[in-house]
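Some notes on the structure that comes next.
Remember, it's 1-based here, ligands and their atoms both numbered in the order they're listed. Only this structure's heavy atoms are used, side chains among them; waters, hydrogens and symmetry mates stay out.
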Amino acid sequence: MSGESFAREPSLPPSVNKVIEAAKALGLSITPRLMPASTRTAQEAAAACGCAVAQIVKSLVFAGATSGRTYLLLVSGANRVDEKAAARHLGEALKRPDAERVRETTGFAIGGVPPLGHATPSPVWLDQDLLGFDLVWAAAGHPNAVFPIDPRELARATGATAVKLS
Ligand code: 5CA
């Protein structure tokens with residue numbers, strides 16, 4: 001058997017395998033965990049992972065009010081994005097796209113949107129508060145799936161700029 005046959009975990013949903021493959025293409029080896037309970041929200045994910053809400057990475061898609069282009073903000077689960085502060089970093093005011101646009105842009109449904117592997121990649125900003133942890137947990141493409149990662153590795157792989165977002 002070739003090494004490649006072990007690259008995918010057949011018991012994981014296809015959308016989770018898609019995230020594993022995307023991570024691999026960015027030089028990251030991630031191990032998503034399919035949880036018995038929902039990890040759809042930061043609070044649920046923290047309960048399932050047994051970690052602080054602040055250690056959960058929310059992968060939030062915003063759209064530029066002027067350009068319409070999308071931006072990905074990786075935000076600590078404990079924080080609410082200060083849209084004015086974020087607009088200063090991004091260079092334009094922001095809107096929240098509807099669920100359909102999020103799915104179109106990312107290829108994933110809200111509640112399982114991962115920080116990488118999107119259908120159309122967006123420029124990425126990372127909440128600097130996430131860098132206060134050795135390990136954070138992000139969605140893995142499914143409302144019950146999350147993966148642990150060093151936030152520095154996440155920033156490097158996604159090409160994110162770390163900024164204060166709240
Ligand atoms: N799996 C969890 C933890 S990793 C997760 O994906 N959390 S999340 O915060 O990144 O994704 C949920 C977010 O989707 C919510 O915070 C909210 O900002 C956004 N959202 C929820 N409903 C809608 C909607 N109808 N339209 C646009 N955005 C929405």
Side-chain angles (χ1 to χ4, degrees), residues 12-20 22-23 26 28 30-65 68-87 89-90 93-151 153-155 157-158 160 162-163 165-166:
L12 291 172
S15 62
V16 178
N17 277 321
K18 200 163 88 173
V19 180
I20 295 174
L26 295 171
L28 285 179
I30 62 166
T31 309
R33 289 181 53 187
L34 205 51
M35 297 299 193
S38 165
T39 59
R40 199 180 295 272
T41 66
Q43 284 73 17
E44 288 174 343
C49 298
C51 70
V53 176
Q55 273 173 282
I56 300 298
V57 181
K58 297 190 286 190
S59 300
L60 304 178
V61 178
F62 283 81
R69 68 195 279 225
T70 53
Y71 302 98
L72 176 63
L73 270 48
L74 304 181
V75 184
S76 164
N79 291 343
R80 195 180 160 78
V81 173
D82 173 347
E83 291 198 22
K84 286 209 170 104
H89 293 299
L90 276 49
L94 299 174
K95 296 185 302 196
R96 291 308 300 272
D98 64 19
E100 188 48 39
R101 175 107 196 266
V102 173
R103 188 193 264 281
E104 245 171 52
T105 303
T106 67
F108 299 92
I110 280 171
V113 176
L116 48 83
H118 293 189
T120 306
S122 303
V124 189
W125 275 261
L126 178 122
D127 180 347
Q128 64 181 21
D129 287 357
L130 290 170
L131 299 173
F133 298 98
D134 292 333
L135 204 74
V136 295
W137 294 78
H142 184 279
N144 283 64
V146 283
F147 68 93
I149 187 165
D150 177 332
E153 280 283 283
L154 180 61
T158 58
V163 289
L165 286 173
S166 57

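Within ligand 1, counting atoms from 1 as listed, the ones closer than 4.0 Å to a heavy atom of Ile56 are 3 (C), 4 (S). Against a heavy-atom cut-off of under 4.0 Å, Pro97 is close to the following atoms of ligand 1: 26 (N), 27 (C). Ligand-side atoms of ligand 1 in range of Ala139: 1 (N), 4 (S), range being under 4.0 angstrom from any heavy atom. Of all atoms in ligand 1, listed by their number and element, those nearer than 4.0 Å to a heavy atom of Thr39 are 1 (N), 2 (C), 3 (C). Ligand 1 places these atoms under 4.0 Å from at least one heavy atom of Gly111: 1 (N), 2 (C), 5 (C), 6 (O). Distances below 4.0 Å separate heavy atoms of Val57 from the following atoms of ligand 1: 4 (S).
Sequence neighbours left out, not one pair with a member in residues 34-62 passes salt bridge (Lys or Arg N to Asp or Glu O under 4.0 Å).
Residue Ala86 comes nearest to Val81 through the heavy atom pair CB-CG1, 4.0 Å, listed as atom of the first residue, atom of the second, then distance. The shortest non-hydrogen separation linking Leu72 to Pro115 is CD2-O, 3.4 Å. Nearest heavy atom pair, residue Thr105 against residue Ser122, reads CG2-OG, 4.0 Å. The heavy-atom pair separating Gln55 from Cys51 by the smallest distance is OE1-CB, 3.6 Å.
Ligand 1 has no nitrogen or oxygen under 3.5 angstrom from a nitrogen or oxygen of Lys58. Where the criterion is an N or O separation shorter than 3.5 Å, residue side chain and backbone included, Arg96 meets it with respect to ligand 1. Geometrically, ligand 1 and Val102 share no nitrogen or oxygen pair separated by less than 3.5 Å. Not a single N or O atom of Asp98, backbone or side chain, sits closer than 3.5 Å to an N or O atom of ligand 1.
What sits closest to atom 26 (N) of ligand 1 on the protein, heavy atoms only, is Ala99 N, 3.5 Å. Nearest to atom 16 (O) of ligand 1 among the protein's heavy atoms is Leu60 CD2, 3.9 Å. At the shortest separation from atom 24 (C) of ligand 1 among protein heavy atoms lies Ile110 CD1, 3.7 Å. Closest to atom 10 (O) of ligand 1, if we only count protein heavy atoms, is Ser59 N, 3.1 Å. Annotation: atom 5 (C) of ligand 1 to nearest protein heavy atom, Arg40 O, 3.2 Å.
At most 12 heavy atoms of other shown residues, nucleotides or ligands fall within 6.0 angstrom of atom CZ in Arg33.
Not a single heavy atom of Gly77 sits less than 4.0 Å from an atom of ligand 1.
Separation of atoms CG (Leu130) and CG (Leu154) is listed at 8.0 Å; rounding is to 0.5 Å.
Ring-plane geometry between Tyr71 and Trp125 is classed as perpendicular, the angle between the planes exceeding 60 degrees on a 0 to 90 degree scale with a lower cut at 30.
Gln128 has its side chain out of reach of Val163: every pair of non-hydrogen atoms, C-beta onward, lies at least 4.5 Å apart.
A search for salt bridge (charged side-chain N to carboxylate O under 4.0 Å, His left out) contacts involving Glu153 returns Arg156, not counting sequence neighbours.
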